[in-house]
Amino acid sequence: MGQGFSAIFYRDLLLAFRHRGEIANPVIFFFIVVTLVPLGLTPEASRLAQIAPGILWVMALLASLLSVEGLFQSDYRDGTLEQLLISPQPLYLMVLAKVLVHWLITGLPLTLLAPLLGMMLSLPKAGYLPLVLSLFMGTAVLSLIGAIGAALTVALRKGGLLLSLIVMPLYMPVLIFGANTVQRAVDGFPVAGPMAIMGALLAVSLLISPFATVGALRVSMHG
Amino acid sequence: MWQWFHRLGSPRWFYQASGKWLPWLSLLAAILLSVGIAWGLGFAPEDAKQGNSFRIIYIHVPASFLALAGYYVMALAGAVGLIWKMKLADMVMKSAAPIGAILTFVALVTGSIWGKPTWGTYWVWDARITSMLVLFFLYLGVIALQYSYTSQDAASKSSAVLSLVGMVNIPIIYKSVDWWYTLHQPATIKFTEAPSMHPDMFHPLLVMILGFYCFYAVALILNTRVEILNRERRTRWVLDMLLNSKKGSS
């Protein structure tokens with residue numbers, strides 16, 4: 001049963017490392033848009049510190065959103081997706097493997113880069129650990145939810161903008177709890193509550209989202 | 001026992017049956033709406049604090065009710081279409097989306113007009129307003145997906161999947177927006193809650209809500225009938241009906 005999972009996991013990881021430039025893109029995007037914020041707003045450290053939690057979270061969300069579009073695209077174009085759908089392996093696990101790889105090559109680097117950008121936005125000290133932890137879980141939820149949108153729009157020629165349109169409302173709870181975890185930590189409140197809710201969101205989307213993605217993939221392939 | 005269920009799946013049967021319900025339902029909606037409007041705008045007592053401006057509640061509250069109920073109608077129709085492959089359910093889902101979006105828009109606009117005299121501003125990032133806005137985005141997503149496919153079947157199925165995902169998410173979104181709001185904003189702004197309303201104000205509101213439900217049903221049926229004719233335009237029964245109606249009128 002784990003055969004399909006590990007095969008897809010290994011294959012996608014290999015493919016990702018053979019296109020290293022594509023791995024770097026979301027991270028560079030994240031870097032650049034965060035740089036735009038002081039340019040557009042203010043270089044003043046005290047004001048940047050106030051908005052840093054929200055900015056970092058919104059930008060990480062956008063970076064993850066932009067990269068999720070390609071999740072099924074190449075597999076759809078070269079017919080791999082068709083083969084996956086007719087294979088006897090459980091689709092749920094194969095989709096989970098693809099999402100996991102997507103998270104490893106986008107969500108995880110974004111999470112690791114966030115403290116550096118936090119420093120550049122003069123995020124107060126108390127915010128770093130909650131920022132990393134909330135992004136660690138939150139980007140996984142974003143990948144899982146984004147996969148549904150990617151599966152729904154994979155057969156469309158210009159699916160990119162539509163994908164953001166349908167997925168962003170579903171991202172809102174993650175953003176609210178993620179940014180608030182950091183904000184609360186900065187303000188000196190305990191963060192166990194919102195962090196636990198973040199974990200709950202992750203658990204629920206782990207259970208439900210691959211099913212919806214599988215359904216959406218079937219619709220996209222067979223009409 | 002399941003015969004009625006199978007009959008319901010036939011667009012032709014629905015078209016003919018709904019033609020018979022439609023006059024009665026429209027009449028009921030018209031009566032309820034005109035009684036409710038006249039009662040609410042003309043006879044209900046003035047609010048002690050808000051004066052006459054509170055009367056927009058008679059449009060605002062029913063529209064918000066149906067905006068949310070309409071999403072569930074759409075998602076459930078989508079589920080029925082996915083599970084039992086019922087053509088009619090797909091058509092109902094497609095027809096419900098724009099009606100729901102318009103009602104959500106009406107709720108947002110009336111809310112913001114009401115906000116001006118009450119809170120002194122057209123837009124407040126209040127929990128309810130924000131969740132209404134998210135609901136509007138969810139509707140727009142379903143409509144956009146619906147129109148981006150060339151194949152009608154794929155469009156129906158994919159927007160059904162999306163509206164089901166949205167339905168699972170709506171409670172989560174509402175709860176999280178509530179939580180976000182209580183963290184960020186001082187809870188100074190309070191709506192006049194329905195249960196705390198005076199009965200003289202509440203009864204016309206009840207009539208309006210019922211009227212809106214009937215109106216929603218009428219709009220949904222009308223929209224679905226257009227969709228049926230559009231999709232079945234090459235079938236025998238539609239052609240026969242059109243030819244007969246032409247003969248009758250000339």
Side-chain angles (χ1 to χ4, degrees), chain A residues 54 141 144-181 183-184 187 189 191 193-194 197-198 200-201 204-205 207-223, chain B residues 71 75 78-79 81-83 85 90 97 101 104 125 127 130-185:
Chain A
V141 182
L144 283 163
I145 298 175
I148 304 174
L152 281 173
T153 53
V154 71
L156 300 172
R157 209 168 302 153
K158 286 180 182 164
L161 204 56
L162 182 69
L163 168 67
S164 352
L165 204 85
I166 61 178
V167 160
M168 258 195 276
L170 307 175
Y171 275 179
M172 283 177 195
V174 190
L175 174 68
I176 290 174
F177 288 108
N180 261 301
T181 310
Q183 189 64 56
R184 279 171 74 99
D187 294 342
F189 291 109
V191 292
I197 292 179
M198 202 68 152
L201 285 177
V204 170
S205 44
L207 275 176
I208 295 176
S209 139
F211 278 118
T213 310
V214 168
L217 281 177
R218 288 222 165 90
V219 171
S220 282
M221 292 306 294
H222 305 298
Chain B
Y71 197 91
L82 273 184
I83 295 165
K85 313 252 183 282
D90 285 347
T104 317
W125 287 98
T130 313
S131 16
M132 226 40 195
L133 190 64
V134 180
L135 184 66
F136 186 56
F137 292 152
L138 285 171
Y139 270 122
L140 290 187
V142 173
I143 294 173
L145 196 61
Q146 183 78 253
Y147 283 100
S148 54
Y149 276 89
T150 40
S151 138
Q152 185 55 62
D153 201 35
S156 309
K157 281 184 193 157
S158 56
S159 41
V161 171
L162 180 64
S163 42
L164 280 174
V165 172
M167 191 171 86
V168 174
N169 259 283
I170 280 184
I172 300 177
I173 293 175
Y174 270 51
K175 275 289 143 205
S176 58
V177 168
D178 244 11
W179 190 80
W180 160 79
Y181 176 69
T182 47
L183 262 191
H184 272 264
Q185 311 261 346

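Proteins come first, then strands; the chains are lettered A, B, ... in the order of their sequence lines, and each starts at number 1. Being a predicted model, the structure only gives us computed values, none of them experimental.
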Nearest-0.5 Å distance, [atom1] of residue [X] to [atom2] of residue [Y]:
{"X": "B:W179", "Y": "A:I197", "atom1": "CH2", "atom2": "CD1", "result": "6.0 Å"}
{"X": "B:S148", "Y": "A:L165", "atom1": "OG", "atom2": "CG", "result": "10.0 Å"}
{"X": "B:T150", "Y": "A:L156", "atom1": "OG1", "atom2": "CG", "result": "8.0 Å"}
{"X": "A:L162", "Y": "B:Y147", "atom1": "CG", "atom2": "OH", "result": "14.0 Å"}
{"X": "B:N169", "Y": "A:I208", "atom1": "CG", "atom2": "CD1", "result": "8.5 Å"}
{"X": "B:L164", "Y": "A:F211", "atom1": "CG", "atom2": "CZ", "result": "14.5 Å"}

Which atoms of B:V177 approach chain A - backbone, side chain, both or neither, heavy atom under 4.5 Å: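 Backbone plus side chain of B:V177, per the 4.5 Å heavy-atom cut-off to chain A.
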Residue pair B:V161 / A:A216: nearest heavy atoms and the distance that separates them: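 Closest heavy-atom pair between B:V161 and A:A216: CG1-CB, 4.3 Å.
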Contact leader toward chain B among A:V167, A:V204, A:I176, where contacts are heavy-atom pairs under 4.5 Å: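 Of the options given, most contacts go to A:I176.
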Under 4.5 Å from a heavy atom of chain B, the part of [X] involved:
{"X": "A:L152", "result": "both"}
{"X": "A:I145", "result": "neither"}
{"X": "A:I148", "result": "side chain"}

For chain A, the option from B:G166, B:G141, B:S158 that forms the most heavy-atom pairs under 4.5 Å: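 Option with the top pair count is B:S158.
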Contact winner vs chain A - B:L162, B:L133, B:I172, B:L140, heavy-atom pairs under 4.5 Å: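 Option with the top pair count is B:L162.
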A:P173 and B:W180, any side-chain heavy atoms less than 4.5 Å apart: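 Side chain of B:W180 against side chain of A:P173, heavy atoms only: no contact under 4.5 Å found.
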Test side chain to side chain contact (heavy atoms under 4.5 Å, CB included) applied to B:L138 and A:L170, step by step: CA-CA 8 Å; B:L138 285 171; A:L170 307 175; 3.9 Å; yes
Atom CG of A:L161 with >12 non-hydrogen neighbours under 6.0 angstrom: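 No - once you tally the heavy atoms of other residues, nucleotides and ligands closer than 6.0 Å, there are 12 at most.
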